[in-house]
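To start, the structure under review is shown below, and the notes come after it.
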Amino acid sequence: MLITLPISELVPGMFVDSVSKQFEGVDSIKIKTRGLVRDKSIIKRLMSEGVQELLIDFTQSDVSVPTKYQLKPDAELVTKADIKPKKAKIKKIVSVEQEFAKATVSYDQHNRNLQSLYGDVTSGLKMNIALLDDIAKDIVSSVFRNHNAMTILTRLKDKHMYNWRHMTNCAIFVTVFAKYLGYKENIVHELAMGALLHDLGQAKLPQGIFSKPEKVNKLEMQAIKKHVAQSLGLVKGEKGITPLMLDMIVNHHERLDGSGYPRGLQGEKLSRPARIMAIVDVYDAMTADRPHQLGDEPINALRYLLANKQMFDSELVQRFIKCLGVHPVGTIVKLTNERLALVTEGNHQNPIQPKVKVFYNAKHKHHVTAKDVDLTSAEHDLKIVASIKPLDYQLNLARLLKEHLLV
């Protein structure tokens, strides 16, 4: 829960997401602070630097939301008898099987539309920002109904469609992660839009760079780095583009240690949305099939993010792992009983014990009657041995998903 507070109400234990207001003339970069307020000396320093208001993230704070900011009826104006409960707009939560049918159609449609939009931009035509907004809204709605369905579809790979699938997948991952972190739906929509737009400038670059089967050379890498400026040029002046979206576009390749580009920003100069986008961008790029490489397993991508604490926000990486799970939904895993299973639901409390659907005997290499298994159950001692690439057992993941998840 994000709440803007005046500096006078800041107390130790609150987590500062960003500085939202300061005295004029103070260098905003110097005081762009985020993190847990551990003692009163930090508050005094912020006040001395001209901070007036801060955005507090109570999902990461050690203290509860102040009473004055909690919604409650005015006791002086109404009695309990006078209060008529209003029907809250509750998002309907559906099963992964129910949502998967709809998500499959949407996912394919989004990729086709983005392929067409990407081609238009490459040809010099005007970008259809309304189309991107519709895609973002659909992804957010699907994730809020059931966050697993769309996430499962990100496991489908096609190296010839990487550019636009990367746009779709990043929007899905950002949405799922932002929902997990407690962002409100309108902010999640902005984040999803930022993810859809973050690499669109690549459509303005020579496309042969992205389709070559070998890794790019230094000269080609210099050209690729220009996609950030190209993306900014595409969205400049477009209605509905917010500062948050621009931040994600400009800074998703920046790193905490200053080793990123285009400006080499570091540390506290990088906002939380930019840090989230950096994690998601690298995760999807590492796990996707591309013309020059086969996608790595999710667990290896997560290990890479975790190992490079100097570049990525380690706290956010830890939460990203808890959000997705060590073996994300849609991953095929091998169990201790020599069975293969499809991960269908993550476990935020224990990321190594998700819910799975057993479907294959790995020892004798044949399909078995599908069975749902909760790895946290005391009825068995099954554990995951490793994640498995579908091709290792001649399995077609797309067909497998349809067989076991379409109702």
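Computed from heavy atoms alone, side chains included, the values below leave out hydrogens, waters and symmetry copies.
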- request: Side-chain contact test, heavy atoms from C-beta onward, threshold under 4.5 Å: evaluate it for Arg339 versus Tyr360 and give yes or no.
  value: no
Here the salt bridge (Lys or Arg N to Asp or Glu O under 4.0 Å) pairs for residues 121-143, sequence neighbours left out, are Lys126-Glu238, Asp133-Lys137
ask   = Any donor-acceptor pair under 3.5 Å linking the side chain of Thr168 with the backbone of Trp164?
value = yes
His252 (side chain) donor-acceptor with Met248 (main chain) under 3.5 angstrom:
yes
Distance col, row Asp257:CG vs Gln266:CD, nearest 0.5 angstrom, shows 7.5 Å
Quick note, salt bridge (Lys or Arg N to Asp or Glu O under 4.0 Å) partners involving residues 105-125, not counting sequence neighbours, are none
In short, salt bridge (Lys or Arg N to Asp or Glu O under 4.0 Å) pairs touching residues 196-218 with sequence neighbours left out are Lys212-Glu220
Sequence neighbours excluded, the answer for side chain to side chain donor-acceptor pair (under 3.5 Å) partners of Asp313 is Arg34, Arg275
Ala341 and Leu335 have their tightest heavy-atom pair at CB-CD1, 4.1 Å
For residues 283-292, the salt bridge (Lys or Arg N to Asp or Glu O under 4.0 Å) pairs (sequence neighbours left out) are none
_Quick check against the 3.5 Å criterion: does His198 have a side-chain atom that pairs as donor or acceptor with the backbone of Ala195?_
yes
Non-hydrogen side-chain atoms of Leu342 and Leu405 separated by less than 4.5 Å:
yes
Contacts of Asp392 meeting side-chain contact (heavy atoms from CB on, under 4.5 Å) (sequence neighbours excluded), chain-then-number -> Ile388, Lys389
What one should report as the nearest heavy-atom pair of Asp247 and Pro273 is OD2-CB, 4.4 Å
Would you confirm whether Asn146, through its side chain, and Val94, through its main-chain N or O, come within 3.5 Å as a donor-acceptor pair? yes
Strictly distance-based, threshold 3.5 Å: is any side-chain N or O of Gln394 a donor or acceptor partner for the main-chain N or O of Leu391? yes
Those residues at least two apart in sequence (or on a different chain) that pass side-chain contact (heavy atoms from CB on, under 4.5 Å) with Asn163 are Tyr118, Gln202, Gln207, Phe210
Minimal heavy-atom distance between Leu156 and Arg165, with the atoms involved, is O-NH1, 3.5 Å
Shortest non-hydrogen pair, Asn128 vs Leu117, comes out as O-CD1, 3.5 Å
Please list every donor-acceptor pair under 3.5 Å in which a side-chain atom of residues 230-237 meets a protein atom from a residue at least two apart or in another chain.
unit_1, atom_1, unit_2, atom_2, d
Ser231, OG, Gly201, N, 2.7
Ser231, OG, His227, O, 2.9

message = Can a donor-acceptor pair be found, under 3.5 Å and without considering hydrogens, that links the side chain of Thr287 to the backbone of Gly295?
response = no
NZ of Lys365 to CD of Glu338, rounded to nearest 0.5 Å, is 11.0 Å
Spell out, as yes or no, whether a donor-acceptor pair under 3.5 Å connects the side chain of Ser48 to the backbone of Arg45. yes
Residue pairs meeting ring-ring contact (aromatic ring centres under 6.0 Å, His included), one or both in residues 268-303, sequence neighbours left out, come to Phe173-Tyr283, Tyr283-Phe320
Taken in chain and number order and not counting sequence neighbours, the residues that satisfy side-chain contact (heavy atoms from CB on, under 4.5 Å) with Ile187 are Tyr183, Glu190, Leu191, Leu244
Nearest heavy-atom approach of Leu270 to Leu265 is CD2-CB, 3.8 Å
Side-chain donor-acceptor contact under 3.5 Å, Gln310 with Asn308: yes
Sorted by chain and residue number, the side-chain contact (heavy atoms from CB on, under 4.5 Å) partners of Asp39 (sequence neighbours excluded) come out as Ser41, Ile42
Sub-3.5 Å donor-acceptor pair from the side chain of Asn347 to the main-chain atoms of Gln353, do we have one?
yes
Residue pairs passing the side chain to side chain donor-acceptor pair (under 3.5 Å) test with at least one member in residues 326-337, sequence neighbours excluded, are none
Indicate yes or no for a side-chain donor-acceptor contact from Thr154 to the backbone of Thr151 under 3.5 Å, with no hydrogens or angles considered.
yes
Side chains of Pro12 and Lys40: does their closest heavy-atom pair fall under 4.5 Å?
-> yes
Examine distances only and state if a side-chain atom of Asn251 and a backbone atom of Glu254 form a donor-acceptor pair shorter than 3.5 Å. no
Notebook entry, point to check: With a 6.0 Å cut-off on ring centres, are His348 and Tyr180 close enough?
Noted result: yes
